Amino acid sequence: MNPVYQKWVLLGVLTLTWGSSFILIKQGLLVYTPMEVGALRLCVAGLALVFFGVRSFKHIPKKLIPWVIAGGGMGNFIPMFLFPLAQQHVSSSMAAILDSLVPMFVLLFGFLFFGARGRLWQVVGVIIGFSGAALLVGVDTGGGQGDVFHSLLIILATAFYGMNGLIINRYLSGIPSFKLSAAVFTIWFGPSLIILGLTGFFSTFTGTPAQWEGLGYVAILGLVGTALAMILFYKLLQLTSALFASMVTYLIPIVAVMWGVLDGERLEWSHAFGGTLILLGVYLIQRKPSRMPETDIAPLPKDITQQIVKDNKNDDSTETAKTQFFSTPSSNQCPE
């Protein structure tokens, strides 16, 4: 598929997939504890990918393994527990709206830790976006109790997502998306299985209809909303940039709010106003400059780049797009 259209197709599929994840977490929590939901989600994804993950390590240079572990921990492990913990007291709709803060953290952490240079309207966008989040923190939506602490857990999860996006875009963009995803979930499969055992799941699961139904929701969450979605997300990151890929959070609330309303969650004008501020901030962050900016991020060291190319030169699935955090594709790469 033409890369011009491929990135938009990937963005749409991710929007539908991740937009439905919040309601699946909510349904899983009706039967299981937050730690069980998170661990089950990761174990299902790990089981689906572990066979491929073991074989994928030979395609990853040893110098990059620490970044694979760190990125996977921040983007695929910790948030999987933070969201169920938060959604005990925060509705699925509100969780999705707060999740839209990811691009703000991409910009903020890019500036603080990766030497990226933001523009004035992007800084304004961050301020507006965080202002919208401040309005929403602790607000009751009928489906949750509007707890401030648990709202902050979601914001913490979005911060981890933002850092993960930057790590992938900076250090791991030369690794095929499927191999990268498989390796990440293989690494974190063991810790997830240990946590699942510590929750007492294996001694309390008796196979009741409710337990099987809840397990079905979590299985869909693990296979589609985690394993498949992260493969597509990594591919999108490699095909475009961290900021473009994080734009998925601009659209996720639309799907999530739809599911929330269908499930009886109440939305007020204050929620719409706060969400609008966040999305306005995202728009400003994503806004195109009038001309191509200078390179913001230093490239990978030459030896690492050469090793990646050597390891994957015969792999048809290798994505070699090298993008910058705040670069904008030229007119022949991005439709108007």
Side-chain angles (χ1 to χ4, degrees), residues 14 16-54 69 71-93 95-96 99 143-144 150 153-154 156-158 160-161 164 178 180-234 252 255-256 259-260 263:
L14 280 170
L16 293 174
T17 302
W18 273 336
S20 302
S21 295
F22 301 94
I23 194 68
L24 290 173
I25 292 173
K26 180 179 180 180
Q27 296 302 317
L29 287 172
L30 296 177
V31 182
Y32 301 110
T33 67
M35 297 302 291
E36 287 176 330
V37 170
L40 279 170
R41 179 180 184 178
L42 287 165
C43 285
V44 169
L47 282 173
L49 295 173
V50 67
F51 173 76
F52 306 99
V54 172
I69 296 174
M74 287 185 279
N76 304 100
F77 185 73
I78 298 175
M80 301 304 139
F81 296 98
L82 291 178
F83 273 96
L85 285 169
Q87 284 188 229
Q88 294 179 103
H89 301 284
V90 177
S91 70
S92 61
S93 300
D99 189 47
H150 290 86
L153 290 180
I154 296 175
L156 178 61
T158 64
F160 282 122
Y161 280 147
N164 175 52
F178 181 79
L180 179 58
S181 300
V184 165
F185 284 110
T186 299
I187 290 171
W188 291 103
F189 174 66
S192 302
L193 189 60
I194 292 173
I195 292 175
L196 184 61
L198 292 176
T199 64
F201 170 81
F202 297 107
S203 60
T204 58
F205 185 84
T206 58
T208 66
Q211 287 178 326
W212 280 114
E213 182 179 358
L215 186 60
Y217 287 124
V218 179
I220 295 173
L221 186 64
L223 289 174
V224 181
T226 306
L228 177 61
M230 289 311 303
I231 292 171
L232 297 179
F233 181 63
Y234 286 162
I252 283 175
V255 176
W259 283 116
D263 197 50

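Computed from a prediction, not measured in an experiment: that's the story for all the values here. Position 1 is the first residue of the sequence, and the numbers go up from there.
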In Å and rounded to the nearest 0.5 Å, what is the [atom1] to [atom2] distance from [X] to [Y]?
X	Y	atom1	atom2	result
Phe178	Leu232	CZ	CG	11.5 Å
Leu47	Leu40	CG	CG	10.5 Å
Trp188	Ile78	CH2	CD1	7.0 Å
Trp212	Thr206	CH2	OG1	10.5 Å
Gln87	Leu153	CD	CG	11.0 Å
Asp263	Lys26	CG	NZ	3.5 Å

Might you point out which heavy atoms bring [X] and [Y] nearest each other, and give the distance in Å?
X	Y	answer
Thr17	Ser21	O-OG, 3.2 Å
Pro84	Val37	CG-CG1, 4.0 Å
Ala227	Leu49	CB-CD1, 3.8 Å
Val184	Gly72	CG1-CA, 3.6 Å
Ser93	Ala256	OG-O, 3.9 Å

Near Trp259 CH2, under 6.0 Å, is it more than 12 heavy atoms from other residues, nucleotides or ligands?
no

Side chain to side chain, [X] and [Y], heavy atoms closer than 4.5 Å:
X	Y	answer
Thr33	Phe201	no
Phe81	Ile195	yes
Ile252	Asp99	yes
Glu213	Val31	no
Phe160	Leu82	yes
Ile25	Leu221	yes

Just to verify, what does Phe185 make a ring pair (Phe, Tyr, Trp, His ring centres under 6.0 Å) with, not counting sequence neighbours?
none

Hey, what's the ring geometry for Phe22 with Phe83, parallel, tilted or perpendicular (30° and 60° as the breaks)?
perpendicular

Fit a plane to each ring of Phe205 and Tyr32, take the angle between them on a 0 to 90° scale, and name the class: parallel (under 30°), tilted (30 to 60°) or perpendicular (over 60°).
parallel

Donor-acceptor under 3.5 Å ([X] side chain, [Y] main chain):
X	Y	answer
Gln211	Thr204	yes
Gln88	Leu85	yes
Thr199	Leu196	yes
Ser192	Ala39	no

